[in-house]
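Notes follow the structure.
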Amino acid sequence: MRVPLIAGNWKMNGRREDIRALVAGIRERFNAGARVELLVLPSFPYLDFVASTLEGSGIDLGGQDLSERDDGAFTGDVSAGMLLDCGCRYVLAGHSERRTLHGEDDQTVAAKFETALRAGLKPVLCVGELLEERDQGRTEEVVRRQLGAVVDRVGIAALADAVVAYEPVWAIGTGRTASPEQAQSVHAFIRSQLADESATIAGQVRILYGGSVKPDNAVDLFACDDIDGGLIGGASLQVDSFMAIAEAACP
Ligand code: PGA
């Protein structure tokens, strides 16, 4: 059985004191015996600090991005080795804000995914269509291409340790969530694409939904067969909403 994963993508938000309070609140409310895993994804400058405040909590730490290259003369970039050294177990690859604002294409995302795996990090591959692509009926084509680029590069067996996050771009930060039916249909499609290569891996990989998940829509989303948790942006910045979402994922 897949254990649900709830990941808080803090994006470029917060300062040390906000983060200290947020982590303290999450720790206080998190029941390490619950059948749900928690992951927080702070900005790079705070990784070390968050790692120290999470110690002994059972809550995982991850980076929001990584360089596809190994250490060297790459000003402003952060390597997989550095993330590991700071206590990360996970890292996002291909978040739509990276794809859109930083021009990351499928090949770059696949290279980042491979670099993360090679270093021993668990990559969370983000996929999802733009509104105009959905309106043109191209959602499955886009998601197939984004996932296919990674599977072609690393091979299906490498996906055993990975997570996929379906995040329709039109639902991110807009307050407009995919309906449970819309989300489940794409999640099932992603799982069937993986199953074409390996039914075992397809059954293991956690597929998270992301895009305006809030406490009041989380229960219905997480009740869907192929939705194994969430990648939470805005609602992960408040203890109450993040933990209410985490509680919604506990069967
Ligand atoms: P949101 O962001 O929950 O604020 O829509 C989700 C994400 O971008 O990961």
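When a ligand or atom number is given, it counts from 1 through the structure's own listing order. One-based numbering along the sequence shown. All of these numbers come straight from a predicted model, not from anything done at the bench.
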Q. Which of the atoms of ligand 1 are close to Ala171, meaning less than 4.0 Å from one of its heavy atoms?
A. 5 (O)
Q | Interatomic spacing from CG in Leu194 to OG1 in Thr200 - rounded to 0.5 Å | A | 11.5 Å
Q | Passing option when Asp106 is tested against Arg153, Arg145, Gln146 for side-chain hydrogen bond (donor to acceptor under 3.5 Å, both in side chains) | A | Arg145
Q: Decide whether the shortest distance between a heavy atom of Lys214 and an atom of ligand 1 is less than 4.0 Å.
A: no
Q) Can Glu132 and Trp170 be counted as having a side-chain donor-acceptor contact under 3.5 angstrom? A) no
(Q) I need the atoms of ligand 1 closer than 4.0 Å to a non-hydrogen atom of Glu167, numbered in the order shown. (A) 6 (C), 7 (C), 8 (O), 9 (O)
(Q) Quick test: of every protein heavy atom, which one is nearest to atom 3 (O) of ligand 1, and how far off is it to 0.1 Å? (A) Gly233 N, 2.9 Å
**Q.** Atoms of ligand 1, numbered as shown, that sit under 4.0 Å from any heavy atom of Gly234
**A.** 1 (P), 3 (O), 4 (O)
Q | Presence of salt bridge, Arg191 and Asp225, under 4.0 angstrom | A | no
Q.
Under 4.0 Å between a side-chain nitrogen and a carboxylate oxygen: does that hold for Arg144 and Glu141?
A. no
Q) N/O of Ala235 under 3.5 Å from N/O of ligand 1, yes or no? A) no
Q) What atoms in ligand 1 come closer than 4.0 Å to a heavy atom of Gly173? A) 1 (P), 4 (O), 5 (O)
Compile the donor-acceptor pairs under 3.5 Å between side chains in residues 86-94 and protein atoms, sequence neighbours left out, one pair per line.
residue	atom	partner	partner atom	Å
Arg89	NH1	Asp60	OD1	3.2
Arg89	NH1	Asp60	OD2	2.9
Tyr90	OH	Arg206	NH2	3.1

Under 3.5 Å, which donor-acceptor pairs link side chains of residues 8-16 to any protein atom two or more places apart or in another chain?
residue	atom	partner	partner atom	Å
Asn9	OD1	Lys11	N	3.2
Lys11	NZ	Glu97	OE2	2.9
Asn13	ND2	Trp10	O	2.9

Q: Give the atoms of ligand 1, by number and element, whose distance to some non-hydrogen atom of His95 is under 4.0 Å.
A: 7 (C), 8 (O), 9 (O)
**Q.** Proximity flag Ser212 to ligand 1, non-hydrogen atoms under 4.0 Å
**A.** yes
Q: Look only at interatomic distance and state if Lys11 has a nitrogen or oxygen under 3.5 Å from any nitrogen or oxygen of ligand 1.
A: yes
Q) Once the angle between the rings of His187 and Tyr209 is folded into 0 to 90°, is it parallel (under 30°), tilted (30 to 60°) or perpendicular (over 60°)? A) tilted
Q.
Show me which atoms of ligand 1 lie under 4.0 Å from any heavy atom of Gly211.
A. 5 (O)
Q. What atoms of ligand 1 come within less than 4.0 Å of a heavy atom belonging to Asn9?
A. 9 (O)
